[in-house]
Amino acid sequence: MRYLLFLILLLPLTAFSQQFQFHQELDSIPVWDGDYHIPTPWTGGYGYTVPVFCDIDADGDLDPLLGNSGGVIAFYENNGTTSIPFFKLLAQNFQDIQGFAHSVPRFVDIDNDGDYDLFCDFGDEYMHFYRNVGSPTIPQLALEEDSLRDTGGNLIDGSGFTLCDIDDDGDQDLFVQQWYNGHIYYYENIGNPTQFAFSLVSTSFAGVSTGEWCHPTFCDLDSDGDYDLFIGNKYGKIYFYRNDGTPQQYDFTLISNNWFGIDVGDYASPEFCDIDGDGDYDLFIGKDNDLTYDIPGAMQYWENIGTPQVCNFVLRNQNYLTFDAGCCCDPDLCDIDRDGDLDLFFLTNSQLGWMENIGTNQNPEYAIRTFDLLDLPPGSCDLGDLNGDQYPDLVTVNGWGGAITLWVNRVTPQNPTFVEFSSIDTDWILGGISMGDLDADGDLDIIVGGMQSGEYHLLYYQNQGTSYIPNFVQVAQSLPGVSYNALMPSALADIDMDGDLDLLLIENFQEIIYYYENIGSPQSMYFTLNTTSLLNQQTVDASSVDAADIDHDEDMDLFVGYYIGGIQFFRNVTGDSTAVPIPPKQRPRPCRATLTIGPNPSNPITAISYQLSAVSLVNLSVYDISGRRVAQLVNARQNPGDYSVSWNASGNASGVYLVRLETPQEEVTQKVVVIK
């Protein structure tokens, strides 16, 4: 309901004192994509992702670090094992490294001291070099060069790059892609294992040319002892060049310019690693949604089900680290299946998707059902009952087309189907749309942003029909008391729980949510600007907002959609003295839960005991060796204390299982062996 078309800022408005407290929570509401538990679904997504996997903390497993359009590096710690990874976001801004935009990180031990150093490019900035002055287990990266140069004193720059010992001499050589022509510059490392020195050898490495804005990487994918070359291009495809030479003398042959038929949308950035410990390389692909809006996800995971010599990749997941719907995500909550809890719909620039709430009205848990429930033109939407059958229907706007379209829900609770039944043609360019009963007559009215002849208005369409047969008539070009100067996203909700509808507006792609309190009545609205900073946390590049009581505690929580495709969740903790936010850009607090299991091995019943030192949302589940959840034992907010539950494994095969206790602050995992 609230996607907008132009980057026009509001005039300054006077802010009153803030009434509410909202805490951002990244993973307190679980989200499942099939059988896969998305580690941190509510980050807001990532744009222009460049993944790197390395054992940055020297604990024996691979951790993902993600370059992205924010010019920072997101760091996920692997708290699982070498064969069953489990990721926890530890920092959205690893080591406080910040560049202009589009961070491209590469971690290598360039000085042969046993820890990882960092080379990083930031869009229009020159390549940076950070030396690890810490240790293998506790890295500390210090900026040593902010404009990397070759041995001739020339600056080194490019949109994508990688390092590889291509000549088998024991040091890392540098390969930089030139964004404007697709050629790769080859810099030989003529230094020594402890001190690098890059000398330009070729401005067209191996005759490769794959078009602008490409990302190269090397991998010995066929286990023949030399490195093959893979290049992701601007249009989401991957080029594969096989090395038919030797480890000392390369000889590349183009095998495919659309390897495995892979298409991630835009700006493919491939990365190889053995994430499941089966001895072959799996594939991760960073991406963006700049040109292609209908391919969801911030990073794809392709499992290698072949062998170390002959690969065979299968797409397993498109939302590997976080939820990302594609582009310009617009969240809308409603009880689509009338089971008493709130489901989540999300509109991107071209498609409507939805998640079913498989939890409860107090402890929600979501399962992604589809990303393409309905194909729609770029615009916005909202849901509500338009025909009196108590099932939510759909209203959409086609921004440039100037049409408001009404869609009836053909009542199929587990598989909602929307069919167009009416439309309103306007002479306006339309922005965010929202529905609510603004005159307390028992039916839903519409507000929508509109532009005409360079002027912006918040159009009010009153339902002059009934709750069964709507008839929307434009009665005003503004709402009383509301200053409106752009096609801003909007949401109607009773934020202060006083019985009338208040208004939320987002300044275009900025960090402010304007809260207009309705100081009138349910029958006669009048709005006044209460605060221009409803959230303490930043909401940069927000494209939409929706408010709903997601945890059934009688206050309104916020779901904020983002231009880059994801959603952030902010819980309303006003007056809750036990709620403590996770400070941004900081490591979460140390583990505050303990877990014990016995008997172990079990045959087949085992007792699982745990202790909490503070109020927590607790999820206690059992997973098999493939990472599939086989039992959920607890999913509730619990007070400090000792708890014990039992798991009956009589319906499960003998073998090794993982018992995982999760809270918003940490995970604790232990193995249990089932013997029958």
Phe107/Phe119 under ring pair (Phe, Tyr, Trp, His ring centres under 6.0 Å): CA gap, chis, key distance, verdict: CA-CA 6 Å; Phe107 289 86; Phe119 291 85; over 10 Å; no
Taking it one step at a time, do Asp551 and Gln362 satisfy side-chain hydrogen bond (donor to acceptor under 3.5 Å, both in side chains)? CA-CA 4 Å; Asp551 48 11; Gln362 292 181 313; over 6 Å; no
Can you check side chain to side chain contact (heavy atoms under 4.5 Å, CB included) on Gln92 and Ile73, steps first, answer last? CA-CA 7 Å; Gln92 290 275 40; Ile73 302 171; over 6 Å; no
Set out, in order, the CA-CA distance, both residues' side-chain angles and the distance that settles side chain to side chain contact (heavy atoms under 4.5 Å, CB included) for Ile285 and Tyr267, then state yes or no. CA-CA 9 Å; Ile285 311 174; Tyr267 303 104; over 6 Å; no
Verdict with supporting geometry, Glu365 and Trp32, side chain to side chain contact (heavy atoms under 4.5 Å, CB included): CA-CA 8 Å; Glu365 183 171 354; Trp32 293 85; 2.6 Å; yes
Audit row: Cys273, Phe284, side chain to side chain contact (heavy atoms under 4.5 Å, CB included) steps and yes/no: CA-CA 8 Å; Cys273 70; Phe284 294 87; 3.7 Å; yes
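Looking at Thr49, its side chain does come within 3.5 Å of a backbone N or O of Ala298 through a donor-acceptor pair. Asn289 places no side-chain N or O within donor-acceptor distance of the main-chain N or O of Cys327, the cut-off being under 3.5 Å. Without hydrogens or angle criteria, Arg629 side chain to Asp35 main chain gives no donor-acceptor distance under 3.5 Å. Under a 3.5 Å cut-off, the side chain of Gln95 and the backbone N or O of Pro139 do form a donor-acceptor pair. A donor-acceptor contact shorter than 3.5 Å is absent between the side chain of Glu25 and the backbone of Phe569. Distance alone, capped at 3.5 Å, places no donor-acceptor pair between the Lys287 side chain and the Asp263 backbone. When atom types are taken as modelled, the side chain of Asn304 and the backbone of Phe313 share no donor-acceptor pair closer than 3.5 angstrom. With Asp324 contributing its side chain and Pro296 its backbone, the two residues share no donor-acceptor pair below 3.5 Å. At distances below 3.5 Å, at least one donor-acceptor pair connects side-chain atoms of Asp55 with backbone N or O atoms of Asp59. Checking side-chain atoms of Asp33 against main-chain N and O of His37 turns up no donor-acceptor pair under 3.5 Å.
A distance of 6.5 Å separates CG in Leu66 from OH in Tyr46, rounded to the nearest 0.5 Å. Separation of atoms CH2 (Trp354) and CG (Asp343) is listed at 5.5 Å; rounding is to 0.5 Å. Atom CG in Leu89 sits 8.5 Å away from atom CG in Asp27 (nearest 0.5 Å). Asp111 contributes atom CG, which lies 8.0 Å from atom CG of Asn132 (distance to the nearest 0.5 angstrom). For the atom pair CG (Asp280) and CG (Leu283), the distance works out to 11.5 Å, reported to the nearest 0.5 Å. A distance of 10.5 Å separates OG1 in Thr40 from CG in Asn319, rounded to the nearest 0.5 Å.
Contact check for Leu344 versus Pro331: side-chain heavy atoms found under the 4.5 Å cut-off. In this structure, Met299 and Asn317 have side chains that are not in contact, with every pair of non-hydrogen atoms separated by 4.5 Å or more. Between Val52 and Tyr116 there is no side-chain heavy-atom pair separated by less than 4.5 Å. Looking at heavy atoms from C-beta onward, Phe129 lies in side-chain contact with Asp117 at the 4.5 angstrom threshold. Counting heavy atoms from C-beta on, the side chains of Val645 and Leu620 come closer than 4.5 Å. Here the side chains of Leu504 and Leu534 are in contact, with some heavy-atom distance below 4.5 Å. By the 4.5 Å heavy-atom criterion applied to side chains, Val674 and Asn652 are not counted as neighbours. Side-chain contact between Val31 and Trp42 is present, with heavy atoms from C-beta onward closer than 4.5 Å.
Between Tyr320 and Phe87, the distance separating the two ring centers is shorter than 6.0 angstrom. The distance between the ring centers of Phe260 and Trp302 does not fall below 6.0 angstrom. Separation of the Phe122 and His128 ring centroids falls under the 6.0 Å cut-off. Separation of the Phe559 and Phe570 ring centroids does not fall under the 6.0 Å cut-off.
Residues Tyr562 and Gln568 have side chains that bring a donor and an acceptor to within less than 3.5 angstrom of each other.
Heavy atoms only, all atoms of each residue included: Gly60 and Thr82 are closest at O-CG2, 2.9 Å. In terms of heavy atoms, Ser621 sits closest to Gln632 at OG-CG, 3.7 Å. When all heavy atoms of Phe346 and Thr370 are compared, the pair lying nearest together is CZ-O, 3.6 Å. Across all their heavy atoms, Cys120 and Ser103 have their closest contact at SG-CB, 4.2 Å. Between Val560 and Ala542, the closest heavy-atom pair is CG1-CB, 3.6 Å. Taking both residues in full, the closest heavy atoms of Phe53 and Pro64 are given as CE2-CB, 3.6 Å, listed atom of the first, atom of the second, then distance.
Note on Asp121 versus Arg106: no salt bridge recorded, every NZ/NE/NH1/NH2 to OD/OE distance being 4.0 Å or above. Using a 4.0 Å cut-off between charged nitrogen and carboxylate oxygen, Lys88 and Glu77 do not count as a salt-bridge pair.
A cation-pi arrangement is absent between Arg571 and Phe22 under the rule of less than 6.0 angstrom and at most 45 degrees off the ring axis. Note that Arg316 lies outside the cation-pi zone of Tyr36, set by a 6.0 Å cut-off to the ring centre and a 45° limit from the axis.
In this pair, Tyr48 and His102 present their aromatic rings parallel. The plane angle is below 30°, not in the 30 to 60° band.
Within 6.0 Å of CZ in Phe218 there are more than 12 heavy atoms belonging to other residues, nucleotides or ligands.
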